[in-house]
Amino acid sequence: MTILLGKKRKTRAPLKAREISGTLLVEAEKALRNPGIDRSKIFTATDVSSYSVFPEDPSLMVREKYNGDKAVGKMVGGRFRVRRP
């Protein structure tokens with residue numbers, strides 16, 4: 001594949017074997033075979049939060065921070081808003 005940018009030409013590097021969709025699907029299937037995901041895979045930095053659906057009310061979400069703090073709320077305008085008790 002050739003991409004034209006002005007007068008310069010750049011060619012795209014060929015895909016590696018691990019980047020082919022069939023290979024990715026096999027790897028994803030292996031990862032999803034076991035229930036749950038290791039916390040170290042989700043929380044790769046201290047400023048990362050995990051979001052999940054609140055089991056008692058699917059219209060709400062649960063935000064879990066790296067240190068284990070949990071808050072229930074909703075996404076409003078792309079931001080998480082904590083529900084008041």
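- For Ser59, the side chain to side chain donor-acceptor pair (under 3.5 Å) criterion is met by Asp57, not counting sequence neighbours.
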Item to check | Residue pair Leu60, Arg83: steps toward the side-chain contact (heavy atoms from CB on, under 4.5 Å) verdict | outcome: CA-CA 9 Å; Leu60 298 174; Arg83 180 182 70 169; 3.2 Å; yes
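- For Val53, the side-chain contact (heavy atoms from CB on, under 4.5 Å) partners at least two apart in sequence or on another chain are Pro58.
- Summarising the hydrophobic clusters (Ile, Leu, Val, Met, Phe, Trp, Tyr; side-chain heavy atoms under 4.5 Å, direct or chained), the residues clustered with Val82 are Tyr51, Met61, Met75, Phe80.
- Taking CZ of Arg63 as the reference point, atom CZ of Arg81 lies at 10.5 Å (rounded to 0.5 Å).
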